[in-house]
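The figures that follow rest on heavy atoms only: side chains count, while hydrogens, waters and symmetry mates do not.
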Amino acid sequence: MAFYLNKKYRDRVFSNLSLALGKEKNLRERRKLAKEVFLNFTLTPLETIYMVAAPFERSVMNIKIKGREIWMLP
């Protein structure tokens with residue numbers, strides 16, 4: 001929704017993608033990338049708030065480490 005409501009930043013994202021990608025990506029591909037930029041722009045603050053507000057046990061303690069035995073010293 002932010003993508004459609006915020007014309008100023010949408011135009012800036014399109015401009016930056018055009019500069020960065022040149023003719024490598026067409027308009028449809030740049031539009032898709034711009035939507036992904038807005039999605040990440042929206043999700044990042046929400047994830048940060050969640051990590052700060054979530055109890056330690058619910059977030060960090062539930063991370064599973066695979067292949068740990070490979071890195072363990074004898």
Name all pairs fulfilling the side chain to side chain donor-acceptor pair (under 3.5 Å) condition that reach into residues 15-27, sequence neighbours left out, sorted by first residue then second.
Ser18-Arg30

Residue pairs meeting side chain to side chain donor-acceptor pair (under 3.5 Å), one or both in residues 36-47, sequence neighbours left out, come to none

Is atom OH of Tyr9 surrounded by more than 12 heavy atoms (other residues, nucleotides or ligands) closer than 6.0 Å?
no

Is there a path of hydrophobic side-chain contacts, each under 4.5 Å between heavy atoms of I/L/V/M/F/W/Y residues, joining Phe14 to Leu21?
yes

Nearest 0.5 Å, please: how far is CZ in Phe38 from CG in Leu43?
13.0 Å

Going by salt bridge (Lys or Arg N to Asp or Glu O under 4.0 Å), name the pairs with one or both residues in residues 1-14, residues two or more places apart or in two chains.
Lys7-Asp11

